[in-house]
2 protein chains.
Amino acid sequence: MENDRLNAGKSITIYDIAEEAGVSASTVSRVLNGSASVRKEKKDRIQSIIDKYNFKPNALAKGLSDTATKTIGIIAADVRNPYYSALFVACEIAAEKAGYSVGLANSLGVKEREQSQLDLLLQQKVDAIIQMGGRVDDLITDDAYAEKVRSVCASTPVIVTGKLDKAPVHRVVIDEAEGMSLVMEHLIGLGHSKIALVGGEMRVASTFYKYQRYQEKLNAHGIKVNGEYVVNGSYDPESGYDATNKILALKDRPTAIIAINDFAASGALRSIREHGLRVPEDISVVSFDNTYIADLMSPKLTSIDYNYDKYGQKLIDTAVAVSAGKEVEDLQMVEPVLVIRDSTGACYN
Amino acid sequence: MENDRLNAGKSITIYDIAEEAGVSASTVSRVLNGSASVRKEKKDRIQSIIDKYNFKPNALAKGLSDTATKTIGIIAADVRNPYYSALFVACEIAAEKAGYSVGLANSLGVKEREQSQLDLLLQQKVDAIIQMGGRVDDLITDDAYAEKVRSVCASTPVIVTGKLDKAPVHRVVIDEAEGMSLVMEHLIGLGHSKIALVGGEMRVASTFYKYQRYQEKLNAHGIKVNGEYVVNGSYDPESGYDATNKILALKDRPTAIIAINDFAASGALRSIREHGLRVPEDISVVSFDNTYIADLMSPKLTSIDYNYDKYGQKLIDTAVAVSAGKEVEDLQMVEPVLVIRDSTGACYN
DNA sequence: TTGAAAGCGCTAACAC
DNA sequence: GTGTTAGCGCTTTCAA
């Protein structure tokens, strides 16, 4: 190794502190962790030396001897998506309050990455793993992935934001159907009955559940389901744009559009504008996720919010509790809330 | 501890592998790292046992005995901002390619957090720290912070995306002035001479440099600088909105607006629309950062891009090189590029 | 090529 | 209360 320079910053250890204080390392350890009582006099002396050097114990050594690292690994589908970044930051803050630190890895929709990231977190001996999005979004659990997670669960608790059959994970999930109920009641209450659904894939559980409830609600209100009003696709602006173009080409246009998320909604808005229609006068738009994008759009979007702070808190609470061996419900629900802004209005047709 | 259940998943160690293979732990270590030659026969046998159990060495133990952890800590101002999330993911990908993993901490604009996060990363023995945004954005370096970083630098290389006087850090920064030059040449080339600047704070270095170049360019083109055309504020939509409202209230309205970032630009667009003006027919809008927001807006925004992939790569290359003790230039520049979309057009006034 | 032994920095019995 | 000792799991001399 050619990094002689670096070794200049040779870090100070608990032994250095002990020596200068004229005590043993264990005593220093005790004041560091408050794990046992130390005579006030010594304690103060030791503490002052710790402060003097701004000594921080080596987390690796600590984690190696302890059974816990006070670290929670988070695998997110993609933090560039504001949904995940909002949730991640909420987790980071909640974790910090609980004395934990978090690690982040992005799977970017690549199955292999999810698996290798699980391995990496295992190597790092995180106390728990939170998986947000990715394979756990699948309506039909991928067998190989479930198998992998099962083996991980043997040593480390796993908490997911979706579903994962045949693996002993804890789940903290959004009540998607309830979210759709809120949206439908809102629109129907405004007088809409021609309601379209754009974006999303049915292989994704959250989308499927929304779709189911969408149909249920239409039926419950005696509204005929029009297959042409549902155009699936993906979760990006383009997808919302394309789907909306198709829908606006119908002879019998809907008066309201539900976008699978804020990104798709932005595309829908663009399409609507290009068709010379106004929102919400001619057509209402609602979306899911209530990321800051909803607030950026003109008009500002009515959207389903999940209270990211609470959601993150729940995720962390669960991770902490489970890793401490406590009993926690396998399934916890996050209740969505409808945030009404300027993109929805009464139906005049 | 009540987590008996967890200990069931007692992880397998290098000794277990060694025992089953009938060799010593050192030999297993050697095949694991390819650090020395092991007889083919043994090597294969050991490898197959490793594969069989999908054994992954404990990173804590490894980091403790090694001098490197192959981990890079990243402190970002706020990953919820797409600028940082794009950069972070680019870093993650680049790091992965180099055999490193990254950790992320958000300082959220809180000075104390930045400092405590530095300590945390130090404890975790990361090989290098990359600080993006936060105190390093300050035009005037905060003394206490510089002092802190200086002490960190003694043991761990620090790379920043901004400036930090009096601390031996490496810098990988955007050529802000060049970005502004591109913007100004573009607008002036389109015939604009009444150009406004909205959002941003002068205490932030990147903003200040942009402002300087803005003035230089006006002067160079013989355009009189109109103080009313510069309305500072912050970096969010509201700020862009408020600033633009002020500017559009002027008797002599500008024909082009430069927003400090995409968020501010979104607010500017809203204000312009509310004034019944069209973009780009009545007024052109350009912004900085070219986050995906630029693509979400209607019209899509002309914006300055930094090529996040390359930027992240440079950051990681620097971190890896410096932590290996290699000589690296103290200051590296990232060249911006103008991405022209639909929000800018010729000036007809 | 391979194994034994020491050590990385810290914690946790166990004695005193 | 406090020191001693023995690990935690891995790497790395040093011998053989």
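Residue numbers start from 1 in every chain, and the chains themselves are labelled A, B, ... in the order their sequence lines are given, proteins ahead of strands.
- Nearer the 5' end of DNA chain D, as judged by each residue's closest nucleotide, is the contact made by A:Val38, out of A:Tyr15 and A:Val38.
- The NZ atom of A:Lys43 sits 12 Å away from the C1' atom of D:dG1 (whole-angstrom rounding).
- Shortest non-hydrogen contact noted between A:Leu104 and A:Phe88 is CB-CE1, 3.6 Å.
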Apply the test side chain to side chain donor-acceptor pair (under 3.5 Å) to residues B:Lys314 and B:Asn307: give CA-CA distance (whole Å), side-chain angles for both, the deciding distance (0.1 Å), then the verdict. CA-CA 11 Å; B:Lys314 243 181 195 167; B:Asn307 194 337; over 6 Å; no
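- Comparing atom distances between the B:Ile14 side chain and each of D:dC10, C:dT2, D:dT4 picks out D:dC10 as nearest.
- Of all heavy-atom pairs between A:Pro168 and A:Cys153, the closest is CG-CB, 3.7 Å.
- Put simply, B:Lys62 has a side-chain N or O that comes within less than 4.0 Å of OP1 or OP2 on D:dT11.
- Contact annotation: A:Lys42 does not reach the phosphate of D:dG1 (side-chain N/O to OP1 or OP2, under 4.0 Å).
- With distances taken from any side-chain atom of B:Val23 to the nucleotides C:dG3, C:dC10, D:dT2, the minimum falls on C:dG3.
- Taking 4.0 angstrom as the limit, B:Arg39 places a side-chain polar atom (N or O) nearer than this to OP1 or OP2 of C:dT2.
- Phosphate contact (OP1/OP2 of C:dA4, side-chain N/O of B:Ser24, threshold under 4.0 Å): absent.
- Comparing D:dT4, C:dT1, D:dG7 by their closest approach to the side chain of A:Ser65 singles out D:dG7.
- Comparing D:dT2, D:dG3, D:dC8 by their closest approach to the side chain of A:Leu64 singles out D:dC8.
- Look at CG on A:Asp44: it is 15 Å from P on D:dG1, rounded to the nearest Å.
- Side-chain nitrogen and oxygen atoms of A:Ser26 include none within less than 4.0 Å of the OP1 or OP2 phosphate oxygen of D:dG3.
- Separating the CG atom of B:Asp66 from the P atom of D:dC10 is a distance of 12 Å, rounded to the nearest angstrom.
- Residue-to-nucleotide proximity on DNA chain C shows that, of A:Phe55 and B:Ala25, the 5′-proximal contact is made by B:Ala25.
- When the side-chain nitrogen and oxygen atoms of A:Asn33 are compared with OP1 and OP2 of C:dT11, one or more of them lie within a distance under 4.0 Å.
- For the pair A:Arg30 CZ and D:dG3 C1', the interatomic distance rounds to 7 Å; values are reported in whole Å.
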Tell me, with the steps shown, if A:Ser107 and A:Gln117 meet side chain to side chain donor-acceptor pair (under 3.5 Å). CA-CA 8 Å; A:Ser107 55; A:Gln117 284 166 342; 4.9 Å; no
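- Going from atom CG of A:Leu60 over to atom C1' of D:dT11 covers 14 Å, rounded to whole Å.
- The interatomic distance linking B:Ile12 (CD1) with D:dC8 (C1') rounds to 16 Å, in whole Å.
- A salt bridge links A:Asp119 to A:Lys148: at least one charged side-chain nitrogen sits closer than 4.0 Å to a carboxylate oxygen.
- Taking atom NZ of residue B:Lys70 and atom C1' of nucleotide D:dC10, one finds them 16 Å apart after rounding to whole Å.
- Of all nucleotides listed (D:dG3, C:dT1, C:dT2), C:dT1 comes nearest to the side chain of B:Ser37.
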